[in-house]
Amino acid sequence: MYVGRFAPSPTGLLHIGSLLTAVASYLDARGRHGRWLVRMEDLDPPREKPGASAAILATLEAFALHWDGEVVYQSKRHHLYAAALAQLRARELVYPCYCSRKTVHAQAQGMGVDGVVYGGRCALLGTDKRLCTDKAPAWRLRVGTELISFFDAVQGWQQQCLNTDVGDFVLLRADGFWAYQLAVVVDDAAQGINHVVRGQDLLVSTPRQIYLQQLLGLPQPSYAHLPLLTNALGQKWSKQTQAPALDLRRRETLLRQVLVYLGLPQAPQVDSLADLLDWAVQHWQLGLVSPQAIVTA
Ligand code: GLU
């Protein structure tokens with residue numbers, strides 16, 4: 001059975017870009033008679049806004065985007081991430097890293113697809129050095145030199161060499177918080193997610209997630225990365241670019257707009273948002289979604 005999900009981070013309210021992701025993942029799941037789960041990615045308390053989780057769920061309900069089962073909160077699942085890290089540690093696939101942000105930048109192997117490529121200083125440290133500091137380390141995963149390729153249902157074939165494009169990456173931060181890359185892989189597998197439909201900004205993360213799935217012996221879901229919605233300056237809508245929160249009085253207009261962005265034809269007049277979503281489920285085709293960024297008003 002198809003199992004999909006929407007996995008917002010409660011760092012702010014939903015905006016048009018996150019509504020697009022919610023709607024597309026919902027339609028793809030419902031269009032294939034699948035389950036649609038909601039997972040709250042509340043792993044980074046310093047970046048979270050009080051009340052955002054509840055507000056996001058209320059917004060989904062207001063758009064008639066009803067999920068299956070209980071909402072899962074990553075903040076309650078640290079034991080699962082710790083077990084995955086312990087498994088990798090037992091196989092010496094991870095190592096503690098004591099580098100400050102400054103050192104990481106100063107000793108970088110250049111720029112990768114998602115920031116600087118870690119130069120590997122701590123990968124070469126002896127055990128003694130690791131033990132004689134009381135500073136808590138970050139834990140990094142050793143990456144390989146092979147190419148990781150995958151087919152994305154919207155963006156087409158992708159490939160990355162983790163060694164040169166990303167470098168050894170962090171699974172547990174020095175401040176004690178779990179990295180998104182590990183948590184997402186553990187949870188997608190634990191929840192039986194077999195289809196991931198999400199924003200294009202996460203396309204560069206996917207090879208890291210596939211690599212982790214391979215190491216942990218977890219199944220690889222199929223991936224579809226949606227086009228980014230940008231403002232008139234070509235910037236992704238986000239908190240930084242002041243994406244306006246969704247105006248719930250204009251729900252129908254906003255939902256119709258999102259359906260057009262997703263390549264659906266103009267929807268007919270309907271009596272309710274639930275009817276509009278039902279119509280969209282009937283007409284949904286992932287193949288109609290454009291890979292290119294969409295400039296919104
Ligand atoms: N929590 C992530 C975000 O809000 C999405 C993670 C995912 O879909 O894999 O950007």
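Residues: numbered from 1 along the sequence shown. Side-chain atoms are counted along with the backbone in the values below, which use heavy atoms only and exclude waters and symmetry mates. Whatever order the structure lists them in is the order used to number ligands and atoms, beginning at 1.
The ring pair (Phe, Tyr, Trp, His ring centres under 6.0 Å) check on Tyr73 picks up nothing, with sequence neighbours excluded. The ring pair (Phe, Tyr, Trp, His ring centres under 6.0 Å) search around His283 returns Trp279, not counting sequence neighbours.
Using cut-offs of 30° and 60° for the angle between ring planes, the Phe150 and Tyr223 rings count as perpendicular. Under the 30°/60° scheme for interplanar angles, the aromatic rings of Tyr2 and His195 are found to lie parallel.
Within 4.0 Å of ligand 1, contacts by protein heavy atoms are made from Arg5, Ala7, Pro8, Ser9, Glu41, Tyr180, Val184, Arg198, Leu202.
Clustering of Ile, Leu, Val, Met, Phe, Trp and Tyr side chains at separations under 4.5 Å leaves Leu233 isolated, with no partner residue.
Under a 3.5 Å cut-off, the side chain of Asn163 and the backbone N or O of Gly144 do not form any donor-acceptor pair.
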